[in-house]
Amino acid sequence: MEPFFYAMVDCNNFYVSCERVFAPALEGRPVVVLSNNDGCVIARSNEAKALGIGMGEPAFKRETFFRSHSVTVFSSNYALYGDMSSRVQQVLTRFSPEIEHYSIDESFLIMRSRDPRRLLEQAAEMRRTVYRWTGIPVCVGLARTKTLAKVANRIAKKREGTNGVWLMDGAAQVRDELAGVPVEDVWGIGRRSARKLRACGVRSALDLTRRTRDWVREKLTVCGLRTMMELQGIPCHPFEEQPPAAKSVTCSRSFGTRITRLDALEEALCAYVQRAAEKLRTRDLQAGAVQVFLSTNRFAEDPQYNGSGCLPLDRPTSHTPSLHRKALSILRDIYREGYKYQKVGVLMLDLAERGQRQLTFDDYRNAPDETRRDSLMKTLDSVNARFGRDSLRFGGAGLGRKEWHMRQRRLSRRFTTSWAEIPQVR
DNA sequence: TCTGGGGTCCTAGGACCC
DNA sequence: TCTGGGGTCCTAGGACCC
């Protein structure tokens, strides 16, 4: 068997890069993309990073700065990013059949060769091809474990002269590189763990590999231990070509303005239940329980309230009206008057694949009902697939523009997925 | 006025059982 | 004077990821 390397392919400033594909004039200029509700900065071009704009900064605090530095600002456009992501993934598949789509902008590939130089050439070719075919710039890091491949990717991105590709192998090279990686930049080490580690004198990734396993396990539990071993070149994270089935499905949004009335919350919740139920059906899943949560704005001075409740369903379902009913009864139960609410959300829990559960006598009795509901949902989904999301929807979510809807003041078009939004050529 | 959304896994502690 | 031990399951909270 040929020795193999993990290749971590990461799109550079992905959301910004997607916007630039359709606005090439923004190349070389500062650009940021905001989170839902135009809340905070979640993607920055290199020029925006150079201006000192931080990840996660609230957008409203930077309005003036954006204007005075001619920063182009976009609302997030997940229809566009999701579609661009699958295009990138399609290209990557040509370079290795063993591929794990890790996130919207990252993939792990297994690449096999006896000759590391040959691998570097392949990775460089992959990078060029992705850019030529999709317009998205990527960097590639190669190493013996996923965590080390992430480190290599970071170097490919940051270091001058790598051409966006870096391979890390051999004990001496790995040791030298890890010495230059701050421990908080290691994949799997978050803010809390980093603080704990620094307090104990662990500053670099190399420092971490030099502690005993017992010590690391005690400080950071088995998660930290796995990270440490991966840094030592021992693979602990499985390679998952088939993503495991989802265990929960969530839909929640912050409101465009604060909401106090129960009926407005009910409308919003209906809309989120619809979306969550659609997600269930596209994955062929059914929920066994529904959870609803409700919260005020934690940054405000106003009185705070967080409510949540969970109810089981009589039997697992992905039928929107049944899920609506259950969710609304939870909401009415946890709702308290007199608060300014910022967010409501729904979680579908105890998910099971359709047809994978034990049937009961009731199921036989209800079979005709069940069939009718299924075919109604199927029709609904196929109409929406053909004519666009929400062409057909439930009345409970209300009609027209609502105060709870998200702010999306700077949304670009769904260039690649919506015929209606393709710019007209004159 | 304005601070995202959607996930997973691990652990500790309590309930419960024999 | 004295109040078992071991196992499983569930849940809430914490930490992490992108």
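Throughout, protein chains are lettered first and strands after them, A, B, ... in sequence-line order, and every chain is numbered starting at 1. Basis for what follows: all heavy atoms, side chains included, without hydrogens, waters or symmetry-related copies. These numbers come from a predicted model, not from an experiment.
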*Does A:Glu266 come within less than 4.0 Å of A:Arg325, counting only side-chain N to carboxylate O?*
no
*Honestly, is A:Arg144 close enough over A:Phe5, meaning NZ or CZ under 6.0 Å from the six-membered ring centre and within 45° of the axis?*
yes
*Quick one: which residue pairs count as a ring-ring contact (aromatic ring centres under 6.0 Å, His included) with a foot in residues 69-95 of chain A, not counting sequence neighbours?*
A:Tyr15-A:Tyr78, A:Tyr15-A:Tyr81, A:Phe65-A:His69, A:Tyr78-A:Tyr81
*Which of residues 334-350 of chain A have a heavy atom under 4.0 Å from DNA chain B?*
A:Gln342, A:Lys343
*A:Arg87 to A:Trp133 six-membered ring, cation-pi geometry met (6.0 Å, 45°)*: no
Side-chain donor-acceptor pairs of residues 213-224 of chain A under 3.5 Å, sequence neighbours excluded:
{"residue": "A:Thr221", "atom": "OG1", "partner": "A:Cys223", "partner atom": "N", "Å": "3.4"}

Can you list, pair by pair, the side-chain donor-acceptor contacts under 3.5 Å of residues 178-187 of chain A, counting residues two or more places apart and other chains?
{"residue": "A:Glu184", "atom": "OE1", "partner": "A:Arg198", "partner atom": "NE", "Å": "3.1"}
{"residue": "A:Glu184", "atom": "OE1", "partner": "A:Arg198", "partner atom": "NH2", "Å": "3.3"}
{"residue": "A:Glu184", "atom": "OE2", "partner": "A:Arg198", "partner atom": "NH2", "Å": "3.4"}
{"residue": "A:Asp185", "atom": "OD2", "partner": "A:Arg154", "partner atom": "NE", "Å": "3.3"}
{"residue": "A:Asp185", "atom": "OD2", "partner": "A:Arg154", "partner atom": "NH2", "Å": "2.7"}
{"residue": "A:Trp187", "atom": "NE1", "partner": "A:Tyr102", "partner atom": "OH", "Å": "3.4"}

*Can you tell me which stems DNA chain C forms when a stem means 3 or more consecutive Watson-Crick or G-U pairs under 3.5 Å?*
B:5-18 with C:5-18
*For DNA chain B, determine which residues of residues 214-226 of chain A have any heavy atom closer than 4.0 angstrom to one of its atoms, and list them numerically.*
A:Thr221, A:Val222, A:Cys223, A:Arg226
Could you list the donor-acceptor pairs under 3.5 angstrom formed by side chains in residues 231-259 of chain A, with sequence neighbours left out?
{"residue": "A:Gln232", "atom": "NE2", "partner": "A:Thr209", "partner atom": "O", "Å": "3.0"}
{"residue": "A:Thr257", "atom": "OG1", "partner": "A:Glu403", "partner atom": "O", "Å": "3.2"}
{"residue": "A:Arg258", "atom": "NH2", "partner": "A:Phe255", "partner atom": "O", "Å": "3.4"}

*asked:* Regarding A:Glu57 and A:Arg62, does a basic nitrogen lie under 4.0 Å from an acidic carboxylate oxygen?
replied: yes
*Of all of residues 234-247 of chain A, which get a heavy atom below 4.0 angstrom from DNA chain B, listed by number?*
A:Ala246, A:Lys247
*Indicate, with a heavy-atom threshold strictly under 4.0 Å, whether A:Lys196 touches base, sugar-phosphate, or nothing.*
nothing
*What are the bounds, 5' to 3', of the part of DNA chain C that sits under 4.0 Å from heavy atoms of chain A?*
C:dA15 to C:dC18
_Regarding A:Val186, tell me which of base, sugar-phosphate or nothing describes its non-hydrogen contacts under 4.0 Å with the strands shown._
sugar-phosphate
*Residues which pass salt bridge (Lys or Arg N to Asp or Glu O under 4.0 Å) with A:Arg192, listed by chain and number, not counting sequence neighbours*: none
*asked:* Mind checking if A:Ser193 touches a base, just sugar-phosphate, or nothing, with heavy atoms under 4.0 Å?
replied: sugar-phosphate
_Proximity to DNA chain C (any heavy atom under 4.0 Å), residues of residues 79-111 of chain A only_ = A:Tyr102, A:Ser103, A:Asp105, A:Glu106
*Going by number, which of residues 52-59 of chain A have a non-hydrogen atom under 4.0 Å from DNA chain C?*
none
